[in-house]
Amino acid sequence: MKFKEKRIGVDDFRSMPDIVDPLPVAYLLGISDRSVYRLCQNGTFKAVKCGKLWRINRDSVLSYIGVTIVNQHQLKTTITWGPRGPSLL
């Protein structure tokens, strides 16, 4: 999937496959891809490294930002984000 903008919303991110690349995670959170790699390395996200590439579990990213999945078609948002965290669209 190609991204024209450097921001994506939660609904767009939720519609992605269960396993995502670091770039859409960076666009969702409003951080650099390097920061996403660090979050993968320290275990914040459920992620695996395949050779040089990271693959991240989409639901672990959603739970990190405070979005809980009730079922496949419904989301419940409970945002508990610090003062310097990114805002959701």
Side-chain angles (χ1 to χ4, degrees):
M1 176 181 277
K2 301 266 182 178
F3 300 99
K4 292 182 180 180
E5 298 180 19
K6 291 197 175 193
R7 287 290 291 184
I8 60 173
V10 173
D11 292 331
D12 294 332
F13 188 78
R14 184 178 58 114
S15 67
M16 292 182 156
D18 292 338
I19 305 297
V20 295
D21 297 329
L23 192 60
V25 176
Y27 288 168
L28 173 70
L29 300 178
I31 59 177
S32 69
D33 56 343
R34 186 78 184 130
S35 296
V36 174
Y37 296 136
R38 270 185 253 135
L39 290 169
C40 293
Q41 289 170 343
N42 70 21
T44 302
F45 299 138
K46 291 181 184 176
V48 293
K49 191 170 184 182
C50 303
K52 294 182 178 182
L53 305 174
W54 281 98
R55 298 296 178 239
I56 306 166
N57 179 282
R58 180 196 64 212
D59 294 341
S60 70
V61 176
L62 291 173
S63 68
Y64 176 75
I65 61 173
V67 176
T68 55
I69 297 180
V70 177
N71 62 36
Q72 290 289 61
H73 304 289
Q74 180 181 6
L75 285 180
K76 178 181 177 187
T77 305
T78 53
I79 301 173
T80 56
W81 203 246
R84 301 190 81 186
S87 61
L88 298 177
L89 298 175

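For the numbers below, each heavy atom of this structure counts, side chains included, while hydrogens, waters and symmetry mates do not.
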* **Shared hydrophobic cluster, Leu23 / Phe13 (ILVMFWY, side-chain heavy atoms < 4.5 Å)** => yes
* Asked: Once you round to the nearest 0.5 Å, how far does CG of Leu29 lie from CZ of Arg7?
  -> 8.0 Å
* Asked: If every non-hydrogen atom of Val36 is compared with every non-hydrogen atom of Pro22, which pair is closest and at what distance?
  -> CG1-CB, 3.8 Å
* **Partners passing ring pair (Phe, Tyr, Trp, His ring centres under 6.0 Å) against Phe45 (at least two apart in sequence or in another chain)** => Tyr64
* Let me see the working for Leu28 and Ile65 under side chain to side chain contact (heavy atoms under 4.5 Å, CB included), right down to the final yes or no. => CA-CA 10 Å; Leu28 173 70; Ile65 61 173; 4.0 Å; yes
* Output, in order, the C-alpha distance, side-chain angles, deciding distance and verdict of side-chain hydrogen bond (donor to acceptor under 3.5 Å, both in side chains) for Ser60 and Ser63. => CA-CA 5 Å; Ser60 70; Ser63 68; 5.8 Å; no
* Intermediate values then yes/no, side chain to side chain contact (heavy atoms under 4.5 Å, CB included), Arg58 and Val61 -> CA-CA 5 Å; Arg58 180 196 64 212; Val61 176; 5.8 Å; no
* Asked: For Thr44 and Asn42, which heavy atoms make the closest approach, and how far apart are they?
  -> OG1-OD1, 2.5 Å
* Asked: Are Ile31 and Leu39 close enough that some pair of their side-chain heavy atoms sits under 4.5 Å apart?
  -> yes
* Evaluate the side chain to side chain contact (heavy atoms under 4.5 Å, CB included) criterion for residues Met16 and Ile8: first the C-alpha distance (whole Å), next the side-chain angles of each, then the deciding distance (0.1 Å), finally the verdict. => CA-CA 11 Å; Met16 292 182 156; Ile8 60 173; 4.1 Å; yes
* salt bridge (charged side-chain N to carboxylate O under 4.0 Å, His left out): which pairs involve residues 22-40, sequence neighbours left out? -> none
* To do: Applying salt bridge (charged side-chain N to carboxylate O under 4.0 Å, His left out), name anything that partners Asp21, two or more places apart in sequence or on another chain.
  => Arg55
* To do: Would you indicate whether the side-chain heavy atoms of Val48 and Trp54 approach each other to under 4.5 Å?
  => no
* Structure fact -> What one should report as the nearest heavy-atom pair of Val10 and Val67 is CG1-CG2, 4.2 Å
* Structure fact -> So NZ of Lys46 and CG of Asp18: to nearest 0.5 Å the spacing works out to 11.5 Å
